[in-house]
There are 2 protein chains.
Amino acid sequence: MKSKITLKDIARELEVSISTVSKALKNSEEISRDTKEKIQAFAKLYNYRPNNIAISLKNKRTKNIGVVIPDIVHHFFTTVIRGIEKYANARGYNVIVCSSDESFDREVINMEMLANGSIDGFIMSLASETQQKNDYNHLKEVTEQGIPVVLFDRITNEVECDKVIIDDQLGAYMAAKKMIDQGRKKIGLITTADYLSVSKARTQGYRKALTEHNLEVDESRILKLSSMDMDEELIQQFFESTEMDAVLCVNEIFAVYTMRLAQRNGLRIPEDISFIGFTDGFLSEYANPSLTVIAQHGQKMGEISAQMLIEKVESEAEEETYQTKILEPTLVVRDSTIN
Amino acid sequence: MKSKITLKDIARELEVSISTVSKALKNSEEISRDTKEKIQAFAKLYNYRPNNIAISLKNKRTKNIGVVIPDIVHHFFTTVIRGIEKYANARGYNVIVCSSDESFDREVINMEMLANGSIDGFIMSLASETQQKNDYNHLKEVTEQGIPVVLFDRITNEVECDKVIIDDQLGAYMAAKKMIDQGRKKIGLITTADYLSVSKARTQGYRKALTEHNLEVDESRILKLSSMDMDEELIQQFFESTEMDAVLCVNEIFAVYTMRLAQRNGLRIPEDISFIGFTDGFLSEYANPSLTVIAQHGQKMGEISAQMLIEKVESEAEEETYQTKILEPTLVVRDSTIN
DNA sequence: ATTCGCAACGAAAACGGTTTCGTGTTAATA
DNA sequence: TATTAACACGAAACCGTTTTCGTTGCGAAT
């Protein structure tokens, strides 16, 4: 086991000072050509790599980005991570991923773990429990320490920082309008509790579309589930007791599950009933029939988040100017709606 | 913006030495009750947290685990990450996730980035390109430096380290046997190229099951796809030109996609043709019909990997003893096979 | 009065780099 | 010949901790 070689080792071996070695490896003008060549050759031979930790301590910059998300086993979030990684790695940053598991406490603990020097900034999406409690002191503390934060998707107005979201209201509006345009009148909505910023916005978009097209919003056609568990029982009851010719769901699981219910009840999709979901994941693509969805562009969201964060991290300026980027959702038409 | 307070700050403010502060905060016996109380109160008031980076430099331990996987947008790998996170976080470790994107070069780069002090050990699954090239020098270098490595799922015998896999051969065997027991005779296999360790093992299990039950292995019933892309064209051709009453697929996407093809051709599942896939993900659960699968227990795999790694990291011993844990796969019966 | 022991604290090295500011040597200039 | 500037390099501080090894001051024992 040959352990890592340090500047000190090289200096001792070549009988020069540590500073000379350091400068030589950075190709400093101060050092003579001969010495530089000798040192560089030696370093290459022994495969010298500077110790990241030491550099971090000196620079007070770690080149690590902390990502805290509610759930890692969720297609949307993984695409966001992919986007973050793509952009961050290209700029020499590593990504430290922590999942809050929708728990407020775990979110706080993870942030505290990372905030003590491990990372240069945070990219995060709020745990549902956090949105429910409406307590953002952990976020405020971090920003007050000067650690940049970018919030995506599940955001809050309570904390001042950069934000990236898609226009959820518009997305739901587009989906509902699509169904209305195809002559659907009895459009149901399966969503989650309103404390989730995204669900609230989507419900608004749904209402807006119906109202604007002179359709009454029938509250019995709206099912609000707790976000945590996919309650099959409730969906089943709802589906069987509600007359609908179209259903909008705030995620693909609700949609695909309900489609199956419909099919078992002898309904044809999309002839008798059509479906639109949110999140353009594998489930939508490979469902039978494939599911029309509002794509949230997770990867793009991740890239933009990373870009915004790294910009803040690397900017010397102390400007306290924050922006919110709103991405446009896209309707991906598949076989669960007509043509 | 109040930036982080350090030991030095406390020492200056309270007119004691840095060492006294450090000891007081660790409740050392050396320091008088009075002084300790004063220092601890001050630290609490100003919310002092030790700087992780400084501690890492001192201890030569980062409490970070590096995870390098082929793809982050993949259910199996995310469940593994979840398992790693769960175990690691409980022990105070952070998880740095890097995706190789199935690329050898990215795998090498990521490992080099992390190996220079950022992490205490690696948990990884090989990129398909790496398995194809059969080049593991980057892994060997890392282990020679004394950095522990745990390989999971996509492993190689070329490098000596701890390993965690499921018994892929057994899994495929179980699946094929299940179909045979139900009277299926013309069992197809949709898999990926043999250089992927798991695909090879699964193919072997499939062959073994057929042979043992006096069924001839018809090579024309085996489709080998490049792992990278899900080639719909090829699957379609294969499906339509091959007579089968059962299909075993090495992942859920292949299975679900092929099920849809079958249904469009008017076949009933599972009456006319039955399906079994690998990976127990959302796709299998919410497919219509739901898909019988060989569960790979990703989360468990992650937990075990993390446990093995942390054990190595924290053990002083220089023992060069490595083990390979083989998990038993489970057959999860759903509606794509008979009862 | 001297020595001893102990309690309570500080100085300094160490981790592995970067960087500023000397300093000694040589060669060019006055 | 004395001065000076450029060159090439080293010493040391610094980042924030931990930890070892002093070093005080003081009461007790001799």
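Below, chain A is the first sequence line, B the second, and so on; all start at residue 1.
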Side-chain donor or acceptor of [X] paired with backbone N/O of [Y] under 3.5 Å:
{"X": "A/Thr324", "Y": "A/Lys163", "value": "no"}
{"X": "B/Ser56", "Y": "B/Asn52", "value": "yes"}
{"X": "B/Asp135", "Y": "B/Asn137", "value": "yes"}
{"X": "B/Asn59", "Y": "B/Arg61", "value": "no"}

Using a cut-off of strictly less than 4.0 Å, decide whether [X] has a side-chain nitrogen or oxygen near OP1 or OP2 of [N].
{"X": "A/Ser32", "N": "D/dC9", "answer": "yes"}
{"X": "A/Lys36", "N": "D/dA8", "answer": "no"}
{"X": "A/Lys26", "N": "C/dT18", "answer": "yes"}

Nearest-angstrom distance from the residue atom [atom1] of [X] to [atom2] of [N]:
{"X": "A/Leu7", "N": "C/dA14", "atom1": "CG", "atom2": "P", "answer": "16 Å"}
{"X": "B/Leu14", "N": "C/dG10", "atom1": "CG", "atom2": "C1'", "answer": "15 Å"}
{"X": "B/Ile31", "N": "C/dG10", "atom1": "CD1", "atom2": "C1'", "answer": "9 Å"}
{"X": "A/Asn59", "N": "D/dG16", "atom1": "CG", "atom2": "P", "answer": "12 Å"}
{"X": "B/Asp9", "N": "D/dC15", "atom1": "CG", "atom2": "P", "answer": "10 Å"}
{"X": "A/Ile55", "N": "C/dG16", "atom1": "CD1", "atom2": "P", "answer": "13 Å"}
{"X": "B/Leu57", "N": "D/dT18", "atom1": "CG", "atom2": "P", "answer": "12 Å"}
{"X": "B/Leu25", "N": "C/dC9", "atom1": "CG", "atom2": "P", "answer": "14 Å"}

Next item on the list: Could you list by number each residue of residues 38-53 of chain B showing a heavy-atom separation from DNA chain C of less than 4.0 Å, or answer none if no residue does?
Entry: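 Residues of residues 38-53 of chain B under 4.0 Å from DNA chain C: none.
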
Item checked: Pair A/Asp162-A/Lys312, salt bridge (charged side-chain N to carboxylate O under 4.0 Å, His left out): steps then yes or no -> CA-CA 9 Å; A/Asp162 288 327; A/Lys312 274 275 190 300; 3.4 Å; yes

Check: Going by the angle between their ring planes, with limits at 30° and 60°, are A/Phe42 and A/Tyr46 parallel, tilted or perpendicular?
Finding: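 Correct class here is tilted.
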
Next item on the list: List in chain and number order the residues that pass salt bridge (charged side-chain N to carboxylate O under 4.0 Å, His left out) with A/Lys4, two or more places apart in sequence or in another chain; answer none if no residue qualifies.
Entry: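 Counting only residues at least two positions away or on another chain, A/Lys4 forms no salt bridge (charged side-chain N to carboxylate O under 4.0 Å, His left out).
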
Check: A/Glu303 and salt bridge (Lys or Arg N to Asp or Glu O under 4.0 Å): which partner among A/Arg91, A/Lys86, A/Lys325?
Finding: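 So, applying the salt bridge (Lys or Arg N to Asp or Glu O under 4.0 Å) to A/Glu303 and each of A/Arg91, A/Lys86, A/Lys325, only A/Lys86 qualifies.
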
So which protein nitrogen or oxygen atoms get under 3.5 Å of nucleotides 10-13 of chain D's nitrogens or oxygens?
| residue | atom | partner | partner atom | Å |
| --- | --- | --- | --- | --- |
| D/dG10 | OP1 | A/Ser17 | N | 3.4 |
| D/dG10 | OP2 | A/Ser17 | N | 2.9 |
| D/dG10 | OP2 | A/Ser17 | OG | 3.0 |
| D/dG10 | OP2 | A/Thr20 | OG1 | 2.2 |
| D/dG10 | O6 | A/Lys23 | NZ | 2.4 |
| D/dA11 | N7 | A/Ser19 | OG | 3.3 |
| D/dA11 | N6 | A/Ser19 | OG | 3.1 |

Item checked: Pair B/Glu107-B/Leu126, side-chain contact (heavy atoms from CB on, under 4.5 Å): steps then yes or no -> CA-CA 8 Å; B/Glu107 191 173 285; B/Leu126 298 167; 3.8 Å; yes

Margin query: Considering every strand and a 4.0 Å limit on heavy-atom distances, what is the contact class for A/Thr35: base, sugar-phosphate, or nothing?
Written below: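 Sugar-phosphate only.
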
